[in-house]
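Let me begin by presenting the structure, written as structure tokens, before commenting on it.
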Amino acid sequence: MTAHGPAGGRILVIDDEAQIRKALRTILEARGYEVACAETGAEAMLALTQRTPDLVVLDLSLPDTDGIGLCEKMRTWLTVPILVLSVRSDETDKIAALETGADDYLTKPFSAGELVARVGALLRRSAGGTTAPPVLVLDDLTIDIAGHRVLRDGVEVTLTPIEFSILSLLAQNADRLVTWSQISDAVWGPDWFADVRTIRVHVSNLRKKIEIHPTVPRHVLTEPGVGLRLPTR
Amino acid sequence: MDTPSRIQEMMRRHGYLAAALAIVGATALFIPFRELLGGERWGWPYLLVLGFIAGTAGVGPGVLSAVLAFFAWNFFFIPPYHTLFVASRGDVIHLAAFLVVGTAIGLQTGRLRDRELVAQREERHTAALNRLSRSLVSETSASSLVESARRELADIVRAREVSLWVPGPDGTPGPVGGGSAPSPDIIRLWEGVALESSPISKLVTLGQTGDGGSQGERTHRVAVPLVSAQSAEGVLELSVDRPLDTTQSRFVMSLANLLAAFLQSQRLNKVAMHAAAAQEAERLRAAVVSSVSHELKTPLASITAAVTDLLEPDIEHGAEAVREKLRDITEDLGRLDDAIADLLDVSRLEAQAWQPRPTDFEVGELIGSVVSRLPRASRERIRYAVPEDLPMISLDFVQLSRALHHVITNALDYSEGPVTVGADSGENPAIWVSDRGPGIPADEKPLVFDKFYRGREGRSHRSSTGLGLSITREIARANGCDISIQDERPHGTRILLTLPLRGTL
């Protein structure tokens with residue numbers, strides 16, 4: 001892991017557990033991010049009015065506020081990415097948070113690497129995606145976003161424009177959760193709403209072309225109930 | 001009821017009136033034929049009628065009809081007619097003999113008939129008790145037994161209402177089979193017998209209810225404490241139109257004894273069942289404690305050892321050695337997380353706090369998602385056999401991921417070499433995981449889904465909570481799936497998760 005240096009940004013960590021705050025601060029500061037912490041929902045709102053961060057890390061289980069409610073409240077005026085932390089038993093809370101405007105989630109316990117990858121991906125995206133690698137290599141699959149080409153085992157794969165748009169969206173957001181509505185907006189445009197079934201048909205065709213086992217996806221993974229993810233690890 | 005038995009019933013109920021009417025009727029019938037027989041011979045037909053009355057209505061009406069017949073014969077058939085004066089001396093002897101013989105017949109036949117009636121009643125009581133003791137064996141709930149008892153009591157003693165009061169957990173009597181609370185006198189009666197060291201079962205008359213004015217409205221309330229082998233089991237209460245006679249009381253007592261025996265055996269059964277359940281719970285708790293303490297404490301102990309070693313000020317660790325130790329710690333932390341996740345899942349499933357939330361997905365997406373989270377070395381051992389024409393399914397993705405994760409890691413742990421994850425389409429859509437390990441012995445197959453069971457073959461391979469497959473089975477159950485084990489040829493195991501048809505789209 002190399003430090004990101006000045007590319008970092010300001011991150012607000014909202015968590016009631018002192019150990020988690022300390023761990024997140026250590027990990028993120030070591031990578032050049034500036035970290036502010038809040039223990040409660042009220043403190044978080046105060047911190048947000050004083051100075052807007054570039055990213056918010058929000059623990060869903062806070063003592064004074066319901067995490068989903070807080071997420072929804074922040075979303076009414078805050079445009080920066082929100083990364084939600086949840087424990088394994090709040091799957092429904094996690095999905096609810098993603099539906100009310102959180103951008104991604106991490107299940108506790110998580111490794112430093114996972115955290116940094118998610119934070120990095122979210123900040124890249126909010127910065128306009130300019131820092132996304134032009135070529136992404138995943139084992140047998142090469143996605144050349146700039147060159148508009150996809151290679152499987154060195155052989156070029158022919159994709160339809162929609163299939164390529166979906167894949168390049170996932171590649172630009174590698175490791176990040178991409179929700180069905182984000183796919184609909186990015187591929188079909190904000191005026192058109194493509195339903196999940198329609199997107200699924202295209203994803204299914206895309207998988208047939210790029211996956212070794214078209215029936216068992218390894219690259220284009222489904223996030224239950226919310227969307228897709230292209231893992232790089 | 002057919003006509004003869006209806007006549008018999010009427011004779012039994014209104015014996016004296018019926019006797020009088022029968023003699024009047026017979027007389028009216030005989031008068032037109034008065035001249036056919038000699039006056040002194042009309043005694044014989046009267047004897048016939050009198051025999052019938054005594055045979056059906058009993059002793060009293062029999063004697064009454066003998067006296068009435070004596071006068072009717074004298075008045076209408078012995079000259080001079082329509083007076084009680086008797087002209088012939090021979091007729092006086094006839095009349096005197098008739099009175100004696102008639103009364104004797106009335107008494108004797110009536111007595112026979114009464115005895116027969118008693119025998120019939122006893123037979124009915126015995127039959128009723130027999131039926132009840134048969135249902136004692138077949139019935140399992142007290143409320144259905146009360147229903148049977150109610151039927152018999154309504155039939156035999158014409159009970160209007162029958163209630164059975166048995167003590168609840170707090171010791172106060174409550175109704176069996178629903179109903180209102182017992183009246184204060186029942187509670188007093190119960191408290192009386194419950195306190196006694198060796199209570200006695202006897203009929204208690206509680207008094208009358210209803211307005212005393214009309215005969216039909218008044219009912220008599222009777223109660224019997226149900227006592228078995230020196231302990232009080234409850235109280236039987238019934239209301240009847242008429243006070244019980246000796247035979248009826250005897251019947252009620254016998255029935256009460258049967259009920260008491262049933263209640264006692266039920267109570268003892270319950271005690272035994274609680275003891276067995278408590279024992280099983282204790283066994284499981286002990287298993288949880290031993291498994292949890294092992295699975296949580298082992299990684300914790302090794303982490304503690306490694307970290308304190310790293311913190312030791314006297315020793316200078318090389319950078320590579322530190323890295324190596326940290327890798328071990330990470331592995332132990334993973335084990336700790338797995339164990340906690342298993343325990344969490346088990347408690348959520350047990351408390352039914354983890355309800356399935358179905359979403360639509362393809363079987364391959366589920367398999368891909370589960371396999372992508374395995375360590376790289378494990379991923380490389382996985383082969384796929386997933387056909388393309390699988391239907392979309394609608395089940396809880398997260399729960400099924402956990403279930404499939406356990407089945408796959410189990411196959412990886414208990415075998416070496418490739419593990420195949422496949423699916424079947426068609427009539428019985430299913431997901432399966434097959435390994436080429438030693439297989440599961442037939443006697444172990446029913447046990448592998450039990451909590452904390454760990455196969456003999458794999459025990460040495462890897463530590464685990466022994467909860468994985470029991471979690472899988474619970475999740476399968478909650479999602480309407482079926483889980484089964486098959487043998488692979490030449491050796492190996494296939495665990496098959498059959499999906500519900502309603503879950504497929």
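Numbers restart at 1 for each chain; the letters A, B, ... are given by sequence-line order, proteins then strands. Quick note: numbers below take in every heavy atom, side chains included, and nothing from hydrogens, waters or symmetry partners.
- By the neighbour-count criterion of 12 heavy atoms within 6.0 Å, atom CD of B/Glu331 is sparsely surrounded, having that number or fewer from other residues, nucleotides or ligands.
- For B/Arg357, the CZ atom sits in a loose shell: 12 or fewer heavy atoms of surrounding residues, nucleotides or ligands are nearer than 6.0 Å.
- The 12-atom threshold is not exceeded at CZ of B/Arg436, counting heavy atoms of other residues, nucleotides or ligands nearer than 6.0 Å.
- Here the options are B/Glu365, B/Glu388, B/Glu362, the test is side-chain contact (heavy atoms from CB on, under 4.5 Å), and the partner is A/Thr215; only B/Glu388 passes.
- Ion pairing between B/Asp360 and A/Arg200 fails under the 4.0 Å rule for side-chain N and carboxylate O.
- Looking at every heavy atom in both residues, A/Pro217 comes nearest to B/Gly364 through CD-O, 3.3 Å.
- For CZ of A/Arg75, the number of neighbouring non-hydrogen atoms (other residues, nucleotides, ligands) closer than 6.0 Å is greater than 12.
- Of the inter-residue distances, the one linking B/Leu366 atom CG with A/Leu221 atom CG reads 11.5 Å to the nearest 0.5 angstrom.
- A donor-acceptor pair under 3.5 Å is absent between the side-chain atoms of B/Ser372 and the main chain of A/Arg218, judged by distance alone.
- Between B/Tyr384 and A/Val216, the closest heavy-atom pair is CE2-CG1, 3.3 Å.
- Within 6.0 Å of NZ on A/Lys73 lie no more than 12 heavy atoms contributed by other residues, nucleotides or ligands.
- Applying the salt bridge (charged side-chain N to carboxylate O under 4.0 Å, His left out) test to B/Glu320 and every residue at least two apart in sequence or in another chain returns B/Arg327.
- The residue among A/Arg229, A/Lys208, A/His213 with the most heavy atom pairs within less than 4.5 Å of chain B is A/His213.
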